[in-house]
Amino acid sequence: MDKWINHNNFAKVLALIISVILWAMVHIDSGTPVAPTTVINSKVIDNVKIQVTGFDSEKYVLYDLEPDKVRLEVRGKRTDLTTNFSDYKVKLNLKDIGPGTITLPLTHELPPGVELVSMEPSIIKVTIEAKQTKEVPVTIVTKGSPGEGMQAGIPVVEGAGTVRVTLPESEIGELQKVQGTVDVGGLTAPLKGKSVKLNAYDKQGKVMKNAELTPDSVDVSVPINKLYKNVPLEIKEIGELPAGYVLASVNANVEGVAIYGSKEMLEGISSYPVTVDLSQFQGTTETRYKVDLTPPDGFEKIEPSSVEVTVKIEPAGQRLLENVPITLLNVNDTLTEKFLQPANAKVSLTVYGAKELLNKLTAEDLTATADLSGLGQGIHTVPVIVKLPQFVQLSEPGKSLTAKIELLPKGKPATTTPEEEKSPDSETPETPPPAEEQPGQNSSGGGAGNPGGTNGSGGETGNTGTPGNSGNAGSSGNAGISQNGDKTEADS
């Protein structure tokens, strides 16, 4: 023990312990605090984003803040100036602020022990506008081409097919449509339940960035089918009906069919024929029967696969339709046309068909035309083409109808009149010498009437003179009008 006490290092340690105890006793007894050394620093924080509070976004729209960030200069102890920028906040309070443009102060929130030196900017101008909402139907378009030999059908939107579009009052009037696009490129099977993002477009076709869509996407299905084409049915009749009967109507329960095939094949087809054999019908009847349809050569499928055809048979009848006007086609603008035969530019036609149809016919249901293409000045005989309603025909279909027409330069009178167009038969014969007077008669009987003109009937025979009176002269027949082989009654 004496050895440790006499050691030099032990003495030093003991002296240090005694010194510390004495220092502590002095300070505890005096109660005087020791002031620490304080160091104040400053710090600049750029691009602090403005946080908007109290804004009613359901009723109003806030246009982009400009600027939307500020610069802060703060000061404080080094230990208080944190490096976490989220502790430094700048706020814009828009509670109870309605539509309009207004300048408002910015507020700040800083970490404890830190104070603001400056904030740039410290105020900001904002524009607020009320919103309007409109319900708009959804339009879906496709892009891309399906797989080889396939065709995309019309996209189907699941649900109501409409969305609510909310826009500022100043923009709602520019809303044109809500549209989504679905890609069908390379598809060979139907697309089902595809979620499609929607956008609102203005009248210039641009996306409206301020639009809020509810919902902003919809589920869409797109049928993918083989290539097809809709073509009308063409009903053709073969065979003959029993004598005295005609067709009154032939109808199918569909107007057309869908034919599936390649693009090249579809381009070459315009109708699908259905044949009706008339020889299978006997007497007056209305018959419904089924006709199976098969795809034409080179095509894959036809829909529907069958049609129902209704054939109605009626007794035949004839009817004379008078005063059917002749319409001239392709008249030369530099010429004036004049009908010579028939002079009234009308024809009478005897038609043949079902009595029920004939009873309803009028002259307006028929059309007669004469084509003057390429004809110049002079007298021309041109064919008259008659167009009749379905299931009605001319009684003498083999006969040709013609019209004689004179073409003259405009402003020049016609050189020929219908009355001058007489056949040799129409020349008036010489008047026979008077017959010898018979006893009891002052004069001979009336002279024979003059024969009629071309195709006309002869004149009436003069009345026999009564005793003492001369007979009346027979009236001459009026010229008949040629109607190209048709029977024409001459005026008496």
Side-chain angles (χ1 to χ4, degrees), residues 57-64 129-232 253-267 269-270 272 293 295 299-306:
S57 58
E58 293 185 0
K59 295 174 57 178
Y60 306 110
V61 60
L62 174 65
Y63 287 98
D64 293 338
E129 189 173 348
K131 291 181 178 180
Q132 283 190 358
T133 299
K134 184 177 182 180
E135 192 163 306
V136 181
V138 174
T139 301
I140 300 295
V141 297
T142 60
K143 70 175 183 178
S145 300
E148 183 69 24
M150 307 302 289
Q151 178 174 338
I154 299 174
V156 178
V157 178
E158 297 181 8
T162 60
V163 296
R164 291 168 58 85
V165 182
T166 301
L167 281 164
E169 285 181 336
S170 60
E171 298 181 39
I172 195 73
E174 289 297 310
L175 177 61
Q176 177 70 22
K177 62 182 177 180
V178 172
Q179 181 175 292
T181 302
V182 60
D183 190 353
V184 298
L187 294 181
T188 57
L191 186 66
K192 296 182 179 179
K194 173 71 173 179
S195 180
V196 178
K197 180 73 174 176
L198 302 175
N199 285 308
Y201 293 84
D202 62 17
K203 294 178 180 178
Q204 287 72 44
K206 297 179 180 179
V207 175
M208 305 185 77
K209 297 181 180 179
N210 289 327
E212 300 173 10
L213 279 64
T214 307
D216 61 358
S217 63
V218 292
D219 291 337
V220 177
S221 297
V222 182
I224 303 295
N225 303 312
K226 291 183 178 179
L227 286 173
Y228 73 94
K229 182 178 182 180
N230 290 317
V231 296
N253 62 336
V254 295
E255 293 183 358
V257 294
I259 300 179
Y260 294 78
S262 66
K263 181 178 180 182
E264 293 74 18
M265 293 293 293
L266 291 173
E267 289 176 349
I269 190 168
S270 58
Y272 183 87
L293 307 181
F299 292 88
E300 298 180 12
K301 187 174 65 170
I302 185 170
E303 291 180 348
S305 59
S306 65

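All values below were derived from every heavy atom in this structure, side-chain atoms included, with hydrogens, water molecules and symmetry-related copies excluded. Positions are given from 1, in the same order as the sequence printed here.
- Other residues, nucleotides and ligands contribute at most 12 non-hydrogen atoms within 6.0 Å of the OH atom of Y228.
- Closest non-hydrogen pair, Y60 versus A130, comes out as CD2-CA, 3.8 Å.
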Using distance only, find each side-chain donor-acceptor pair of residues 133-151 under 3.5 Å and give its atom names and separation, not counting sequence neighbours.
| unit_1 | atom_1 | unit_2 | atom_2 | d |
| --- | --- | --- | --- | --- |
| T133 | OG1 | T166 | OG1 | 2.9 |
| E135 | OE2 | T162 | OG1 | 3.3 |

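- Counting only heavy atoms from C-beta outward, the side chains of S270 and V231 never approach each other to under 4.5 Å.
- Listed here is the closest heavy atom pair of G261 and F299: CA-CD2, 4.1 Å.
- A donor-acceptor pair under 3.5 Å links the side-chain atoms of S221 to the main chain of G193, judged by distance alone.
- For the salt bridge (charged side-chain N to carboxylate O under 4.0 Å, His left out) test, no residue two or more places apart in sequence or in another chain qualifies with E158.
- Under a cut-off of 6.0 angstrom, the local environment of CD in E267 is crowded, with over 12 non-hydrogen atoms contributed by other residues, nucleotides or ligands.
- Summarising the geometry, atom CD belonging to E264 is positioned 9.0 Å from atom CG belonging to L227; distances are rounded to the nearest 0.5 Å.
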Atom pairs and distances, side-chain donor-acceptor, residues 173-186, under 3.5 Å, sequence neighbours left out:
| unit_1 | atom_1 | unit_2 | atom_2 | d |
| --- | --- | --- | --- | --- |
| K177 | NZ | Q179 | OE1 | 3.0 |
| D183 | OD1 | G185 | N | 2.9 |

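- P223 is linked by a side chain to side chain contact (heavy atoms under 4.5 Å, CB included) to N225, counting only residues two or more places apart in sequence or in another chain.
- Residues passing the salt bridge (charged side-chain N to carboxylate O under 4.0 Å, His left out) test with E300, sequence neighbours excluded: K226.
- Distance check, rounded to the nearest 0.5 Å: CG of L213 to CG of L198 gives 6.0 Å.
- The shortest heavy-atom contact between V222 and G153 is CG1-O, 4.0 Å.
- Going from atom CD1 of I259 over to atom CD of E303 covers 11.0 Å, rounded to the nearest 0.5 Å.
- Nearest heavy atom pair, residue A189 against residue I224, reads O-CG1, 3.2 Å.
- Sorted by first and then second residue, the side chain to side chain donor-acceptor pair (under 3.5 Å) pairs involving residues 194-213 (not counting sequence neighbours) are K131-E212, E171-N210, K197-D216.
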